[in-house]
Amino acid sequence: MPKKLSDYINPLFSLLISLPKGKIISYSIAAKSIGLDNPRNIGWILKQNKNPDTIPCFKVVLSNGKLAKGYKFGGQKEQQKRLKREGIFFDENGRILNFEQCKY
DNA sequence: CTTTTGACTGAGT
DNA sequence: AACTCAGCCAAAA
């Protein structure tokens with residue numbers, strides 16, 4: 001019985017909840033961590049998030065250290081705001097500072 | 001049933 | 001640095 005994509009929702013959300021404060025994760029790393037190989041599927045799963053206050057989906061960023069354009073809960077600005085609250089800082093190009101150190 | 005659409009990535013130009 | 005393009009594959013149209 002092959003797994004469906006929806007079966008990966010809980011593993012991903014668990015992973016996000018378990019991320020230490022101040023840590024972020026890229027789509028590709030997140031995908032590999034839960035056994036997926038297509039990062040686009042992470043985006044699909046995050047869209048299923050009904051509790052953005054419980055599930056820190058704002059911690060998922062692009063592999064180049066910037067933010068995805070389609071963040072569902074208020075756009076890039078809102079996501080950046082939440083990340084700053086975690087102690088993450090951005091340069092003038094919207095790229096995360098110390099990206100390598102923040103990465104999970 | 002077929003086509004299009006993504007919260008993407010990595011390689012190539 | 002900016003821009004394509006193919007690969008990826010479940011969902012939605």
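Heavy-atom basis, side chains included; hydrogens, waters and symmetry copies ignored. In this text, all values refer to a predicted model and were calculated from it rather than measured experimentally. Just so it is clear: chains get the letters A, B, ... in the order the sequence lines come, proteins before strands, and each one is counted from 1.
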ask   = Looking for any heavy atom pair under 4.0 Å, which part of the strands does A:D37 touch: base, sugar-phosphate only, or nothing?
value = sugar-phosphate
inquiry  = In the structure I gave you, are the side-chain heavy atoms of A:Y71 and A:L46 within less than 4.5 Å of one another anywhere?
reply    = no
message = Measuring from the side chain of A:K72 (C-beta onward, heavy atoms only), which nucleotide among B:dA7, C:dC8, C:dA10 has the closest atom?
response = B:dA7
query = Charged N to carboxylate O under 4.0 angstrom, A:E86 versus A:R82?
reply = no
ask   = Does OP1 or OP2 of C:dA10 have a side-chain N or O of A:S6 closer than 4.0 Å?
value = no
query = Which nucleotide in the set B:dG10, B:dA7, C:dC8 lies at the smallest distance from any side-chain heavy atom of A:L46?
reply = B:dA7
ask   = Over how many whole Å does the gap from A:L62 atom CG to C:dA2 atom P extend?
value = 15 Å
task = Just compare B:dA7, C:dC8, C:dA11 and give me whichever is closest to any side-chain atom of A:N38.
result = C:dC8
query = A:N41 has a side chain; which of C:dA10, B:dA7, B:dT9 sits nearest to it?
reply = C:dA10
query = Picking from C:dA11, C:dC8, B:dA7, which would you name as closest to the side chain of A:A68?
reply = B:dA7
Residue whose nearest DNA chain C nucleotide is more 5′ - A:P39 or A:W44 = A:P39
task = Identify the two heavy atoms, one from A:F90 and one from A:L97, that lie closest to each other, and give their separation to 0.1 Å.
result = C-CG, 3.9 Å
task = Check the distance between C:dA11's P and A:Y8's OH and give it to me in whole angstrom.
result = 12 Å
remark   = Between CG of A:L83 and P of B:dA7 the distance, given in whole Å, is 18 Å
key: Length of the line joining A:K66:NZ and C:dA2:P, which is rounded to integer Å   = 7 Å
query = For the pair made of NZ in A:K47 and C1' in B:dT5, what is the distance, rounded to whole Å?
reply = 8 Å
Distance, rounded to the nearest Å, where A:L12 contributes CG and C:dA10 contributes C1' = 15 Å
remark   = Rounding to 0.5 Å, atoms CG (A:L67) and CZ (A:F58) come to a distance of 11.5 Å
A:S63 side-chain N/O to B:dC8 phosphate OP1/OP2 under 4.0 Å = no
key: A:L67 CG to B:dT9 C1', straight-line distance once rounded to whole Å   = 16 Å
key: Residue A:R40, side-chain heavy atoms: nucleotide from C:dC9, C:dA11, B:dG6 that is nearest   = B:dG6
query = Just how far, in rounded Å, is P of B:dG6 from OH of A:Y27?
reply = 14 Å
key: Heavy-atom check, side chain of A:P56 versus side chain of A:L19, under 4.5 Å   = no
